[in-house]
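Side chains are part of it too, since the values below use all heavy atoms of this structure and drop only hydrogens, waters and symmetry mates. In this text, all values refer to a predicted model and were calculated from it rather than measured experimentally. Order of the sequence lines fixes the chain letters, A, B, ..., with proteins taken first and strands second; residue numbering starts at 1 for each chain.
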Protein chains: 2
Amino acid sequence: MLNFSKKIEYGLIALRYIALIGDGNIVTAKEISDKYKISYELLAKVLQKLAKAGIINSFYGVNGGYTLAKSPEKIKLSEVILALEGKSNISIVTCNSDQPESCTIFDRCTIKTPLNKIQSVINNMFSEISISEIL
Amino acid sequence: MLNFSKKIEYGLIALRYIALIGDGNIVTAKEISDKYKISYELLAKVLQKLAKAGIINSFYGVNGGYTLAKSPEKIKLSEVILALEGKSNISIVTCNSDQPESCTIFDRCTIKTPLNKIQSVINNMFSEISISEIL
DNA sequence: TAAAAATGGACTAAAATAGTCGTATATAAA
DNA sequence: TTTATATACGACTATTTTAGTCCATTTTTA
């Protein structure tokens, strides 16, 4: 529990690579997957999501690939997590998420309120940390 | 991702119940599972682990059950998580856990060091928050 | 037009989580 | 001393989530 998913790990590794190695130049998904020997298809999907969220720019065709869409300082960890996991998946307890009805004991649950405090601390931390801090 | 498991949720609900409703008196697993309509067997195992970790006292037989082993202020969230999940399961990235060899890209991974910072913030928070704060 | 690259949906595999079952052990009360 | 009640615990199954694969499509450059 409380683990970052591979999606997040790969996303962070890729963003770091694009920022450092790319440094303005276009980087391909294949280049990154080769370098770190991670699944190309999986990484490709991660990059697609980051592109859709406006975190990176994507370029089709020969010589295509990705560049950062903004400076590393402006890319917050919270954005990356949101882009890759979706809103519902970033809360420590089910009750806080998009679908409270998915929690089987919602109305009887006595800990959701106090746990929101913990949630805010985590959220604040994630929205303060930027990609530049993992370079 | 980043969700607390049901084990943790049930554990916290149970600890709160024992602290508040029990208030020194013995509380049974059945009483709690009935009250919150959660799986008796699952809750029972959670309570067994909490007892083994010295967080609650257990009493066999007729009129048996559980009481807190120490005051709520002294029961930290980190203890509860550790008791219920084990050491290896409380890190945001695989690389930080007990088995670094379980990470397939360990030697090529470029984000484990910066992520340790995030890990410490989370760990500190968990070791500061006590059960009294969720009552 | 061919090659290289991203896009995206459908599918399968693997791992983690949640839940169940059965049996043993201890204790109190009748 | 028997019975009922409660915890202890291992083995098993089911479900859900996560990870990974496959394949066809679109776009662009040379």
Smallest separation among heavy atoms of [X] and [Y], with atom names:
| X | Y | value |
| --- | --- | --- |
| A:Ser132 | A:Glu73 | OG-CA, 3.7 Å |
| A:Val27 | A:Gly22 | CG2-CA, 3.5 Å |
| B:Val46 | B:Gly11 | CG1-CA, 3.6 Å |

Heavy atoms under 4.0 Å is the rule here; annotate nucleotides 22-30 of chain C 5' to 3' with B where the base is hit, S where only the sugar-phosphate is, and - elsewhere.
---BBBBS-
Can you tell me if A:Arg16 uses its side chain to pair, donor with acceptor, with the backbone of B:Ile111 under 3.5 Å?
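Pair absent, no side-chain N/O of A:Arg16 close to backbone of B:Ile111.
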Interatomic distance where [atom1] belongs to [X] and [atom2] belongs to [N] [whole Å]:
| X | N | atom1 | atom2 | result |
| --- | --- | --- | --- | --- |
| B:Lys6 | C:dT20 | NZ | P | 13 Å |
| A:Leu42 | C:dG9 | CG | C1' | 15 Å |
| B:Lys45 | D:dA6 | NZ | C1' | 16 Å |
| A:Phe4 | D:dT17 | CZ | P | 19 Å |
| B:Glu9 | C:dA18 | CD | P | 8 Å |
| A:Lys49 | C:dG8 | NZ | P | 11 Å |
| B:Leu43 | C:dA18 | CG | P | 14 Å |
| A:Leu84 | D:dA19 | CG | P | 11 Å |

Taking only side-chain N and O atoms of [X], does any of them lie within less than 4.0 angstrom of OP1 or OP2 on [N]?
| X | N | value |
| --- | --- | --- |
| B:Tyr66 | D:dA6 | no |
| B:Ser58 | D:dA8 | yes |
| B:Ser39 | C:dA18 | no |
| A:Tyr40 | D:dG20 | no |

Check this for me: does the side-chain of A:Gln48 come within 3.5 Å of the base of C:dA6 through a donor and an acceptor?
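Looking at the base of C:dA6, it does not pair with any donor or acceptor on the side chain of A:Gln48 (distance under 3.5 Å).
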Tell me whether the side-chain N or O atoms of B:Lys7 pair up with the base of C:dG19 as donor and acceptor below 3.5 Å, since no angle test is needed here.
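In this structure, the two groups form no donor-acceptor pair.
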Test item: side-chain donor near acceptor, A:Asn123 and A:Gln119, under 3.5 Å
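Yes, because at least one side-chain N or O of A:Asn123 sits under 3.5 Å from a partner of the opposite role on A:Gln119.
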Between B:Glu85 and B:Ser5, do the side chains contain a donor N or O and an acceptor N or O under 3.5 Å apart?
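Judged by distance alone, the side chains do pair up.
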Check side chain to side chain contact (heavy atoms under 4.5 Å, CB included) between B:Ile21 and all other residues, then give those that pass, not counting sequence neighbours.
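Testing B:Ile21 for side chain to side chain contact (heavy atoms under 4.5 Å, CB included), a comparison that skips the adjacent residues, returns B:Tyr17.
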Taking the side chain as every heavy atom from C-beta outward, state whether A:Phe4 and B:Leu115 have any atom pair closer than 4.5 Å.
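The answer is yes, as the side chains (C-beta and beyond) meet within the 4.5 Å cut-off.
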Going by heavy atoms closer than 4.0 Å, what residues in residues 10-35 of chain A are next to DNA chain D?
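Contacting residues: A:Tyr10.
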Is A:Lys70 paired with A:Glu79 through a side-chain N to carboxylate O contact shorter than 4.0 Å?
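Salt bridge flag = yes for A:Lys70 with A:Glu79.
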